[in-house]
Structure formats: structure tokens, C-alpha cells
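Remember, predicted model here, so these are calculated numbers, not experimental data.
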Amino acid sequence: MRSPRLIRLFNDKFPFVGPLFWIVSVQYFITQLIVASAWTIKYSWANNTISDLGNNYCGLYSGRYVCSPLHTIMNISFILLGLTMIAGSTLIYQEFKKSLISRIGFSFMAIAGLGTIIVGLFPENTIAPLHVLGASAPFLIGNIGLIILGIKLEVGIRLKTYSIVSGLISIAALVLFMLHLYLGLNEGGIERIVAYPQTIWLIIFGIYMSKNHFDNKVPFIRSK
């Protein structure tokens with residue numbers, strides 16, 4: 001992830017913007033609640049997947065009943081989440097000491113954002129391979145990036161531990177999801193364990209960065 005001079009200058013002048021982008025990720029959860037409430041038949045948080053909310057088809061899909069009247073709003077939410085992940089990663093990266101590992105970590109999070117945009121552009125019932133490709137970016141690459149950042153960032157032991165554990169739990173859940181081993185949580189439940197920790201981490205890390213700016217403290221990555 002290169003750092004053009006204009007990006008560095010912008011971040012120096014407006015250091016709160018990058019963290020704010022990640023904090024705005026909360027819209028993803030709010031939108032799901034709104035879109036799910038509009039379903040003609042009750043949306044199941046355990047049986048229905050997150051992508052079912054963006055499905056523009058009414059009827060049985062992969063053995064699940066799907067009918068999401070507000071699917072357009074959900075798909076816009078996916079795209080908005082992806083854009084904020086990319087923008088936040090690009091700007092927050094400027095706050096840290098540059099190293100290959102830090103670049104990889106933030107780049108992986110930006111790639112996860114690109115994948116999330118693809119999910120919104122191609123709902124699950126349209127071009128399925130592209131939708132799956134898009135979802136694999138945050139599910140796999142994004143969570144690996146989360147672990148990398150957790151290991152590399154000098155942000156205090158609690159936040160480091162939280163970051164690493166979040167990534168490991170999500171990847172373990174991804175393996176179970178791919179093997180169709182849902183541990184009684186059903187497909188939608190286990191998928192949420194794959195997806196939600198990463199987005200929650202974005203919000204928490206954005207708040208952490210904002211607090212540091214208010215306290216006039218700037219965290220950094222130490223070279224090892």
C-alpha cells in the first residue's frame with residue numbers, strides 16, 4: 001500500500017477522518033436490523049445468511065426461503081462498508097511506522113473492503129462465483145489481516161489480544177462453515193461468527209484511534 005504525498009498531507013490535516021470511516025461501519029449492523037424487519041416472512045438470524053438480506057429474489061434459494069423487499073438498501077450497505085474499509089485502511093496506515101508487515105496488514109483489510117463491495121454489486125442470486133469471490137476476501141484475507149495487525153501493532157496487550165483472538169475465532173468459524181459443521185448454530189449463525197468480529201473490530205479500533213487523537217497520542221508500529 002503506497003502512501004502518495006497528498007494522502008499523507010490529508011491525513012496530517014484531518015487525522016480523525018480515517019478512524020471515523022471505520023466507526024461508520026456500525027451502519028452495517030443497523031441496516032441489517034432494518035432490512036430484516038421488512039421481510040414478508042420472519043427473517044431467521046440462525047438459518048438465513050447475511051447475503052440473503054441482499055438477495056433480490058423471492059422464493060426458495062439454496063433450501064432457504066428468501067424475500068427481502070429492502071435488498072437494494074442492504075446491497076448499498078455492503079458497498080458503503082467496503083468503501084469505508086478501504087478509505088479507513090489507507091488513512092489509518094499513515095499513522096503507523098511503515099514496514100512490510102504493517103503494509104500487508106492494512107492492505108489485507110483494504111482487499112477485504114474491495115471484496116465487500118463485490119458482494120454488494122453481485123448479490124448471491126446473480127453471479128454466484130463473483131459473490132463468493134467477494135465474500136472470501138473479508139472472510140479469509142480480512143481476518144488474516146486482522147491477526148497480522150494484532151501481532152504487529154503496539155496498542156496495548158488487551159487490544160492486541162482482542163485483535164488476534166477475533167481473527168482466529170473468525171477463521172476457525174470459516175473452516176467450520178466451509179465444512180458445513182454448524183455446531184448447532186445453523187448456517188446463518190456460524191456465518192455471523194465468521195463475519196461480525198471483523199466489523200466490530202473496525203468500530204472498536206476506530207474509537208481507539210479517535211481517543212488517542214483526543215489525548216494527543218499517536219500509536220505506531222515498531223519495526224522488529
Side-chain angles (χ1 to χ4, degrees), residues 21-86 88 109 112-143 146 166-167 169-204 206:
F21 274 126
W22 278 7
I23 294 172
V24 167
S25 298
V26 71
Q27 63 81 21
Y28 176 62
F29 296 112
I30 296 172
T31 302
Q32 287 183 55
L33 291 171
I34 294 172
V35 174
S37 68
W39 273 43
T40 53
I41 291 180
K42 187 175 181 181
Y43 177 81
S44 172
W45 296 90
N47 295 320
N48 287 106
T49 65
I50 302 171
S51 291
D52 286 348
L53 293 169
N55 193 311
N56 57 28
Y57 168 80
C58 276
L60 285 177
Y61 179 82
S62 294
R64 306 181 301 272
Y65 179 78
V66 174
C67 191
S68 185
L70 300 182
H71 59 266
T72 300
I73 294 177
M74 189 67 238
N75 289 321
I76 291 174
S77 177
F78 282 129
I79 294 171
L80 179 59
L81 175 61
L83 290 173
T84 55
M85 290 173 71
I86 294 171
M109 199 59 68
L114 177 60
T116 305
I117 292 173
I118 293 174
V119 167
L121 292 175
F122 301 97
E124 62 183 4
N125 64 303
T126 56
I127 304 177
L130 284 179
H131 183 86
V132 172
L133 176 64
S136 67
F139 283 4
L140 180 60
I141 297 175
N143 283 318
L146 178 52
S166 293
I169 288 175
S170 294
I171 290 178
L174 175 61
V175 173
L176 294 173
F177 181 76
M178 294 175 65
L179 295 175
H180 304 288
L181 299 174
Y182 304 141
L183 303 182
L185 299 173
N186 297 336
E187 186 173 2
I190 198 73
E191 184 199 34
R192 283 173 167 80
I193 296 179
V194 178
Y196 284 0
Q198 181 180 128
T199 310
I200 294 172
W201 180 87
L202 292 172
I203 298 168
I204 290 175

Next item on the list: Measure the spacing between CD1 of Ile171 and CD of Gln198 and express it to the nearest 0.5 Å.
Entry: 9.5 Å
Checklist line | Any side-chain heavy-atom pair of Asn55 and Pro123 under 4.5 Å | finding: no
Notebook entry, point to check: About how many Å separate CG of Asn75 and OG of Ser51, when rounded to the nearest 0.5 Å?
Noted result: 8.5 Å
Note to self: Using 0.5 Å steps for rounding, measure from the CG atom of Leu185 to the CG atom of Asn47.
What the structure shows: 11.0 Å
Next item on the list: State, with a plain yes or no, whether a side-chain heavy atom of Leu202 is found less than 4.5 Å away from one of Phe21.
Entry: no
Checklist line | Test side chain to side chain contact (heavy atoms under 4.5 Å, CB included) applied to Leu176 and Leu183, step by step | finding: CA-CA 8 Å; Leu176 294 173; Leu183 303 182; 3.5 Å; yes
Next item on the list: For residues Asn143 and Leu174, determine if any side-chain heavy atom of one lies less than 4.5 Å from a side-chain heavy atom of the other.
Entry: no
Next item on the list: Could you tell me whether the side chain of Phe29 reaches within less than 4.5 Å of the side chain of Ile203, counting heavy atoms only?
Entry: yes
Item checked: Donor on one side chain, acceptor on other, Ser68 and Trp39, under 3.5 Å -> yes
Check: Any side-chain heavy atom of Thr31 within less than 4.5 Å of one from Leu81?
Finding: no
Note to self: Donor-acceptor pair, distance only, cut-off 3.5 Å: does the side chain of Gln27 make one with the backbone of Ser77?
What the structure shows: yes
Margin query: Rounded at 0.5 Å granularity, tell me how far CG in Asn186 sits from CZ in Arg192.
Written below: 11.0 Å
Margin query: Pair Cys67, Ile41 - check side chain to side chain contact (heavy atoms under 4.5 Å, CB included), show working.
Written below: CA-CA 8 Å; Cys67 191; Ile41 291 180; over 6 Å; no
Notebook entry, point to check: Side chains of Tyr57 and His71: does their closest heavy-atom pair fall under 4.5 Å?
Noted result: no
Next item on the list: Give the ring-plane orientation class for Phe139 versus Phe177, where under 30° counts as parallel, over 60° as perpendicular and anything between as tilted.
Entry: perpendicular
Check: Just wondering, do Ile50 and Tyr196 contact through their side chains at under 4.5 Å, heavy atoms?
Finding: yes
Notebook entry, point to check: Cut-off 3.5 Å, side chains only: do Thr49 and Asp52 have a donor facing an acceptor?
Noted result: yes
Margin query: Is the shortest side-chain heavy-atom distance between Leu121 and Leu130 below 4.5 Å?
Written below: no
Check: Given the rule in the side chain to side chain contact (heavy atoms under 4.5 Å, CB included) test, do Ser170 and Leu146 qualify, once you have shown the distances and angles that lead to the verdict?
Finding: CA-CA 10 Å; Ser170 294; Leu146 178 52; 5.6 Å; no
Check: Out of curiosity, Trp45 CH2 to Leu53 CG, how far, rounded to the nearest 0.5 Å?
Finding: 6.0 Å
Check: So how far is it from Thr199 OG1 to Gln32 CD, rounded to the nearest 0.5 Å?
Finding: 8.5 Å
Check: Which pair of non-hydrogen atoms, one from Gly54 and one from Met74, has the smallest distance, and what is that distance?
Finding: N-CG, 3.9 Å
Notebook entry, point to check: Ile117 and Ile86: side chain to side chain contact (heavy atoms under 4.5 Å, CB included), yes or no, with the steps?
Noted result: CA-CA 10 Å; Ile117 292 173; Ile86 294 171; 3.9 Å; yes
Next item on the list: Looking only at non-hydrogen atoms, find the nearest pair between Gly134 and Pro138 and report the distance.
Entry: O-CD, 3.0 Å
